[in-house]
Amino acid sequence: MSHPLSPTTSPPVRVRGLRKTFGSGPVLDGVDLDVAAGTVLALLGPNGAGKTTTVRVLATLLRPDAGEVRVAGHDVVREPDAVRRRVGLVGQHAALDEVLGARQNLVMFGRLHHLGRREAGRRADAMLERFGLADVGDRPVRQFSGGMRRRLDLAAGLLVAPPVLLLDEPTTGLDPQARLEVWGAVRGLADQGVTTLLTTQHLEEADRLADDVAVLDGGRVVARGTPDELKAAIGGDRIDVVVAEGRRAEAARLVAAALGVDVEEPAARPDLVTAPVTDRAAALTAVVRALDAAGLPPVDVGLRRPTLDEAYLRITGRPAEPPDGAAPDPAPAPDGARPARATGVAA
Ligand SMILES: Nc1ncnc2c1ncn2[C@@H]1O[C@H](COP(=O)(O)OP(=O)(O)O)[C@@H](O)[C@H]1O
Ligand SMILES: [Mg+2]
């Protein structure tokens, strides 16, 4: 039922200038966000950044103070019912009946969404199959592992086949195996064309699942791009080199020369030198050789991913980008170059 005047090119999730204040001050202070059709956008941000608040506004559970928020072409304030029919929400906390079986939960959910008994049953079976739960469909949910529960959550969120899916920290609290299960399920949905916005505190999750990433901080989207663009902005892997105290300056010069990059000497650690690396193995060898040759063998050397703190520091340390109002689609970039995005992380 698209309105003759509704723009067909409008993305399934479109947020402009979203503001929301609770008592003490603004939580969302002018959020701009688009999720293109059939893509997964990861809304990344530290605890308290306003991710859940954003999701709740999109799901019509919370009224925005200001801004334009449209889901599947419908305005969340003026057409909340139309939005609700088109969006599936999987929250941080499962809303499952522990005593009922998985299948019963799904059927009940379908009935709540006005499906007939037979149709609800048919869809419940299809969803159990899709999420690998067909064999345990009759078991009470209280016997389910964390990963099985979250897959059942996803099944419930998709039972009514919404074109837009909102996942609020879908893997928080799950063990690594369960996390992999959920990632597989989400990726599968994306491959079938469901437009998905998921929130996460984990860079790795955004990297695995998302076509695009938006970083929420200080009430605004402070960086936006593909996971590769984000990682490029963060600086990729890091090498940590621990040396004897008093010899750090010397070690820093050697590491900088061996890797050809700027190194950091963290204020809190007088024995640590840290640097970004591109080729992990080559960097490790080069650093150890250089330090050994200078008679300064490292006490410890380690390679690691950048921490989330480093990522946020890098990203939020940049000046804010101009609002995204330009052409939505960047031209494909040549290998190794960053696409010129309207609001790329590459400032
Ligand atoms: N209903 C509410 N009333 C008052 N403050 C709230 C409410 N919901 C969220 N907040 C506050 O808004 C901020 C953002 O919360 P939230 O959106 O849950 O962040 P995130 O999901 O990114 O961790 C937090 O400081 C939180 O305490
Ligand atoms: Mg949250």
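Just follow the structure's listing: the first ligand is 1, and inside any ligand the first atom is 1.
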Do you know the tightest heavy-atom contact between A190 and V40? CB-CG2, 3.4 Å

Between N47 and ligand 1, which residue portion shows a heavy-atom distance shorter than 4.0 Å: side chain, backbone, both, or neither? both

Whether the R130 and Q192 side chains hold a donor-acceptor pair (N or O, under 3.5 Å, no angle test) is what I'd like checked. yes

Check whether any heavy atom of [X] sits under 4.0 Å from an atom of ligand 1.
X: G50; answer: yes
X: G45; answer: no
X: P46; answer: yes

Reported OG1-to-CG distance for the pair T195 and L41, which is rounded to 0.5 angstrom: 10.5 Å

How far does CD of E68 sit from CG of D32, to the nearest 0.5 angstrom? 10.0 Å

Between R103 and D138, does any side-chain N to carboxylate O distance fall below 4.0 Å? no

Is R150 salt-bridged to D153, going by a charged N under 4.0 Å from an acidic O? yes

Under 3.5 Å between any N/O of V27 and any N/O of ligand 1: does that happen in this structure? no

Within less than 2.8 Å of the Mg ion (ligand 2), any N, O or S from T53? no

Minimum distance, heavy atoms only, to atom 22 (O) of ligand 1: which one of R56, E169, K51, K20 is it? K51

